[in-house]
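So the structure is just underneath, and the comments pick up after that.
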Number of protein chains: 2
Amino acid sequence: MNTLFKALNDPTRRAMLELLRERPLTAGEIADHFTFSKPTISHHLDLLRQADLVTSDKQGQFVTYTLNMTVMDELLGWLLQFKPSSDAPQ
Amino acid sequence: MNTLFKALNDPTRRAMLELLRERPLTAGEIADHFTFSKPTISHHLDLLRQADLVTSDKQGQFVTYTLNMTVMDELLGWLLQFKPSSDAPQ
DNA sequence: CAAGTATTTAGATATTTATCTAAATACCGA
DNA sequence: TCGGTATTTAGATAAATATCTAAATACTTG
């Protein structure tokens, strides 16, 4: 949960997730959408992977990142515990 | 959105929200659940307030904090954009 | 194998953050 | 008004984070 919130606590990483919503992208393609250096992008992707928000797959020279939303369900569950409707319908 | 994720990116603050799920509590009552100093607790509560996750109400010497979940809907919305089912039913 | 491309690792640095103690503020009751 | 309680503000510090450049690694192609 900590790792998840940490990964989400950065606008660049959230933008990356939104990019990957369309389709899987290579590290380079992702980097093209930002003005940060490649190592910085790589570091952000690493944090997203640590949180299991993305998976990475190396194909030759390229590393393709794919959105993995299963972990978001955990967040969704955490969120819903605050929704009174889930506890006491009314 | 930034402020919201920042506020949520701390286990103590998340625990505070879960405490407040039961009922509104004063700053002191909240502090009693943790081993941090009062100023530290106050600082965390300030961040939760900045994110609009809680409201505070001073009654005499006491400041009561109340959960305000309306802003969580924003987070829920952000989250649901990743759920394929919301885009393409299947 | 050498040169070029894609990506990551290493190491440095500036900023942000969580925490503390000490002090200030605000309120209450005698 | 004074002493006590509740909370916040100020200021300091250690740890975490985002970023960079330089270098390393891994793959591809001539």
Side-chain angles (χ1 to χ4, degrees), chain A residues 1-20 22-68 71 75 78, chain B residues 1-20 22-68 71 75 78:
Chain A
M1 208 58 164
N2 246 314
T3 320
L4 176 56
F5 277 109
K6 182 193 293 188
L8 293 176
N9 185 31
D10 183 283
T12 302
R13 288 194 289 271
R14 291 196 300 275
M16 285 172 167
L17 293 177
E18 288 168 24
L19 272 179
L20 291 171
E22 303 305 320
R23 62 183 174 83
L25 295 170
T26 67
E29 285 173 323
I30 294 169
D32 288 344
H33 286 81
F34 302 93
T35 54
F36 299 117
S37 71
K38 296 283 175 67
T40 293
I41 298 295
S42 187
H43 174 245
H44 282 307
L45 288 171
D46 187 42
L47 292 183
L48 290 175
R49 192 174 30 198
Q50 279 178 40
D52 235 2
L53 285 163
V54 302
T55 58
S56 66
D57 176 40
K58 180 156 195 171
Q59 295 150 346
Q61 315 170 261
F62 300 89
V63 178
T64 298
Y65 285 84
T66 304
L67 199 58
N68 169 28
V71 70
L75 176 56
W78 183 85
Chain B
M1 209 60 166
N2 246 313
T3 320
L4 177 57
F5 277 110
K6 183 192 294 186
L8 293 175
N9 185 30
D10 183 282
T12 303
R13 289 194 289 271
R14 291 196 301 274
M16 286 174 167
L17 293 176
E18 287 167 25
L19 272 179
L20 291 172
E22 304 305 322
R23 60 182 176 84
L25 296 169
T26 67
E29 286 172 321
I30 294 169
D32 288 344
H33 286 82
F34 302 92
T35 54
F36 299 116
S37 70
K38 296 285 176 66
T40 294
I41 298 295
S42 187
H43 174 244
H44 282 308
L45 289 171
D46 187 41
L47 292 184
L48 289 175
R49 193 173 29 198
Q50 278 177 41
D52 236 3
L53 285 162
V54 302
T55 58
S56 66
D57 177 39
K58 180 157 196 171
Q59 294 150 349
Q61 317 171 258
F62 300 88
V63 178
T64 297
Y65 285 84
T66 305
L67 199 57
N68 170 29
V71 70
L75 176 56
W78 183 84

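In this text, all values refer to a predicted model and were calculated from it rather than measured experimentally. Every chain is numbered from 1 and lettered A, B, ... according to where its sequence line falls, protein lines coming before strand lines.
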Between residues 51-66 of chain B and DNA chain D, which residues have a heavy-atom gap below 4.0 Å? B:Q61, B:F62, B:V63, B:Y65

Look at B:T26 and D:dT7 and indicate whether a side-chain polar atom (N or O) is within less than 4.0 Å of OP1 or OP2. yes

Can you measure B:Q50 atom CD to D:dT8 atom C1' for me and round it to whole angstrom units? 14 Å

A:I30 versus A:T26: any side-chain heavy-atom pair under 4.5 Å? no

Atom CZ of A:F34 to atom C1' of D:dC20: distance rounded to whole Å? 17 Å

Compare all side-chain heavy atoms of A:Y65 with those of A:L25 and state whether any distance is below 4.5 angstrom. no

In this structure, how many angstroms lie between the C1' atom of D:dA18 and the CG atom of A:D46, rounded? 13 Å

With respect to the phosphate group of D:dA18, does any side-chain polar atom (N or O) of A:T40 fall under 4.0 Å of OP1 or OP2? no

Is B:D52 reaching over with its side chain to a backbone N or O of B:V71, donor-acceptor style, under 3.5 angstrom? no

Calculate the interatomic distance between A:K38 atom NZ and D:dA24 atom C1'; express it in whole Å. 16 Å

Taking all heavy atoms of A:F34 and all of A:L19, pick out the closest pair and write down the distance. CE1-CD1, 3.9 Å

Could you state the interatomic distance from CG (B:D32) to NZ (B:K38), rounded to the nearest 0.5 Å? 6.5 Å

If I take atom CG in residue A:L45 and atom P in nucleotide C:dT9, what distance separates them, rounded to the nearest angstrom? 12 Å

Once you round it to whole Å, what is the distance between P of C:dA18 and NZ of A:K6? 12 Å

Considering only side-chain heavy atoms of B:R49, which listed nucleotide, D:dA18, C:dT19, D:dT8, is closest? D:dT8

Per atom distances to the A:H43 side chain, the nearest of D:dT7, D:dT19, C:dT21 is D:dT19

Is any side-chain heavy atom of A:L17 less than 4.5 Å from a side-chain heavy atom of B:W78? yes

Return all side-chain donor-acceptor pairs below 3.5 angstrom for residues 42-49 of chain B, not counting sequence neighbours, or 'none' if the list is empty.
| residue | atom | partner | partner atom | Å |
| --- | --- | --- | --- | --- |
| B:H44 | ND1 | B:R13 | NH1 | 3.0 |
| B:D46 | OD1 | B:R49 | NH2 | 3.1 |
| B:D46 | OD2 | B:Q50 | NE2 | 3.2 |
| B:R49 | NH1 | B:S56 | OG | 3.0 |

Could you give the CE-to-P distance, from A:M16 to C:dT7, as a whole number of Å? 12 Å

Please classify the nucleic acid contact of A:H44 as base, sugar-phosphate, or nothing, using heavy-atom distances under 4.0 Å. sugar-phosphate

Measure from CD1 on A:I30 to P on C:dT7 and round the result to the nearest Å. 9 Å

Between D:dC20, C:dT8, C:dT21, which nucleotide has the shortest distance from any of its atoms to the side chain of A:S42? C:dT8

